[in-house]
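Only one structure is covered here, and it is reproduced in the block below.
Since the structure is predicted, the reported quantities are computational estimates derived from the model, not experimental observations.
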Amino acid sequence: MPPADTGASTIALDASAPSSAADTTATPATGAPATADRLEPGRPGYRRMSFALFAAGVATFALLYSTQALLPAVSASFGATAGQASWTVSAATGALALCVLPLSALSERFGRRQMMTASLTVAVLVGLLVPFAPSLGWLIALRAVQGAALAGLPASAMAYLAEEVRPKALVAAIGLFVAGNSIGGMSGRILTGWIAQLWGWRAALGAVGLLAVGCAVVFHLMIPRARHFTPGSLNPKALARTVGTHLSDPLLRRLYAIGALFMTVFGAVYTVIGYRLVEAPFGLPQGIVGSIFLVYLVGTVSSAAAGRLVARLGRRGALYLAVSTTAAGLLLSLADQLAAVLLGLVLITAGFFAGHAVASSSVSRTATTGRAQASALYQSAYYLGSSAGGTLGAVAFHSGGWGGTVALGLLAVSGVVTITVFGSRAARTERRAALRAA
């Protein structure tokens, strides 16, 4: 999962794109423009809100992937295989995937701020217990609870921004939250790597828990109260109808599958890479292995470039380029030279983030109604892909070494190519049918 983008940013971007008429609609209570008291740079509360959500983003992804850089040490501590230890990551991302949609629906009833506060509080409290897990089973169970708790934060944060921030300032506000995600995911892995090298993996997880406590305190103290939230009723039937509509859309199904397959590759590679690098012929120490996650910064660049790629190559062309880059990185990583492996990781990361950005942004453009639910479904598929990739990648590594993990990754990117080719043919068939009908 990459931490740089959850796919949730499309919720806010689309949910908060009111027309100019809506911008100037008077509120019933005051008769003032509806956006007159919304947050924007320079207004009271905007900076507090930005710091609060940045801190929440750091805590979320530092906690979610806290064990990923520690898997070799966890395996050694419990006498577990790579596949067994990988469940400490997969359980968290899988639980998050299953809980995103129901918790986003609860936030419609009880409030975005309340949901974010509850989610972060529970996740942090569990994070303080994780270092004391007496067995691998307990560690996996606690991580699953933690992932389920964290599911309430990303979608609620995006909805909160959509409701409380002026539309013209929304992209910058989202950018700060996503930056928190990226920094949390990267710094959490680097922090755990170096602390584990000095004092062991339990101390490393304790340090992440304390980092999350600090972030949670900042969030609680600084998040402004919601002034534009209107509680809705919980209507499971309406939600089920909306979800069913999205799942019956062939293009949305393809986009969900593409997101899941890209994340399968990414989850497999970054779950297993630590095992490869601590073994011969590399034999790197835990701290250096954790620092490998600095490669994530490449994803920030490729995500930002995705829009330009789509403008130049089209959505399918951008996907083909992302797939080719990812596949080239996988093949290059098979070499036993550290420089080649690192370059392979750079290409895999760049290709993944570009493909994810194209697929996630296409979801909201495709869905004409229920865009929040459409994006939540994408997040579910995305994190299920992360969970499956982490576990299957570790099993493949245990069975066939790094070559087995690469084979799994190539199979997943082949799936993306197949889906994209099928989509291209389906689009041509629809255009021909429309021309004949005209």
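Between Y160 and L53 there is a side-chain heavy-atom pair separated by less than 4.5 Å. V413 places none of its side-chain heavy atoms less than 4.5 Å from the side chain of L261. When side chains are defined from C-beta on, V358 does not count as touching L309, because their heavy atoms never get closer than 4.5 Å. Contact of the L313 side chain with the L319 side chain is not registered, since no non-hydrogen atoms from C-beta on lie closer than 4.5 Å. Here the side chains of S119 and L150 are not in contact, with every heavy-atom distance at 4.5 Å or above. Between W402 and V269, some side-chain heavy-atom pair lies under the 4.5 Å cut-off. Between I223 and R48, every side-chain heavy-atom pair lies at or beyond the 4.5 Å cut-off. Here the side chains of T117 and Q114 are not in contact, with every heavy-atom distance at 4.5 Å or above.
Going from atom CD of Q379 over to atom OG of S386 covers 12.5 Å, rounded to the nearest 0.5 Å. Remark: R109 CZ to L106 CG distance equals 10.0 Å, nearest 0.5 Å. With rounding to the nearest 0.5 Å, the separation of CD1 in I419 from CG in L251 is 11.5 Å. In this structure, the separation between CZ on R189 and CG on L70 is 10.5 Å, given to the nearest 0.5 Å. The structure places CZ of R113 at 13.0 Å from CE of M49, a figure rounded to the nearest 0.5 Å. Atom CD of residue Q84 and atom CD1 of residue I140 lie 8.0 Å apart, to the nearest 0.5 angstrom.
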Inset, instruction - Tell me, with the steps shown, if L64 and Y383 meet side-chain contact (heavy atoms from CB on, under 4.5 Å). - result: CA-CA 11 Å; L64 184 62; Y383 282 111; 4.0 Å; yes
Inset, instruction - Assess whether side-chain contact (heavy atoms from CB on, under 4.5 Å) is satisfied between L331 and L410, documenting all intermediate values. - result: CA-CA 9 Å; L331 293 172; L410 291 173; 3.8 Å; yes
Legend entry - Candidate pair I292 and L342, rule side-chain contact (heavy atoms from CB on, under 4.5 Å), full reasoning: CA-CA 8 Å; I292 294 297; L342 293 178; 3.5 Å; yes
Inset, instruction - Kindly determine whether Q286 and W194 satisfy side-chain contact (heavy atoms from CB on, under 4.5 Å), including the steps that lead there. - result: CA-CA 6 Å; Q286 187 69 56; W194 284 106; over 6 Å; no
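In this structure, Q146 contributes its side chain and A123 its backbone to a donor-acceptor pair below 3.5 Å. In terms of modelled atom types and a separation under 3.5 Å, the side chain of R253 and the main chain of L247 share a donor-acceptor contact. Judged by distance alone, the side chain of Y256 and the main-chain N or O of A374 form a donor-acceptor pair under 3.5 Å. In this structure, the side chain of T264 does not engage the main chain of A412 through any donor-acceptor pair within 3.5 Å. Side chain of Q197 to main chain of G287: a donor-acceptor pair is present (N/O by atom type, distance under 3.5 Å, no hydrogens or angles). Here the side chain of T391 pairs no donor or acceptor atom with the backbone of A388 at under 3.5 angstrom. Between the side chain of E279 and the main chain of L284, no donor-acceptor pair closer than 3.5 Å is present. Proximity of a side-chain donor or acceptor of W138 to a complementary backbone N or O of V130 within less than 3.5 Å is not detected. For R276 (side chain) and F397 (main-chain N/O), no donor-acceptor pair under 3.5 Å exists by modelled atom type. Counting only distance, with no hydrogens or angles, the side chain of S387 and the backbone of L384 share no donor-acceptor pair below 3.5 Å.
Ring geometry for H356 against Y378 counts as parallel: the plane angle stays under 30°, on a 0 to 90° scale with 60° as the upper cut.
G127 approaches P131 most closely through the heavy-atom pair O-CD, 3.2 Å. Heavy-atom minimum distance, L408 versus G389: CD2-O, 4.5 Å. Nearest heavy atoms, T271 versus G390: OG1-CA, 3.5 Å. Residues G393 and T405 approach most closely at O-OG1, 3.1 Å, considering heavy atoms. Taking every heavy atom of both residues into account, L120 and A59 meet most closely at CD1-CB, 3.8 Å. Summarising the geometry of V89 relative to R143, their closest heavy-atom pair is CA-NH2, 4.2 Å, with the distance given to 0.1 Å.
With ring centers used as reference points, F353 lies 6.0 Å or more from F262.
The number of heavy atoms from other shown groups lying within 6.0 Å of NE2 (H398) does not exceed 12. Summarising the local packing, CZ of F422 is surrounded by 12 or fewer heavy atoms from other residues, nucleotides or ligands at distances under 6.0 Å.
Side chains of Y270 and T349: a donor-acceptor N/O pair is present below 3.5 angstrom, by distance only. No hydrogens or angles considered: a donor-acceptor pair under 3.5 Å links the side chains of Y275 and S75.
Sorted by first and then second residue, the ring-ring contact (aromatic ring centres under 6.0 Å, His included) pairs with a member in residues 68-87 read F78-W201; sequence neighbours excluded. A side chain to side chain donor-acceptor pair (under 3.5 Å) check over residues 310-326, counting only residues at least two apart or in different chains, returns the pairs R316-S424.
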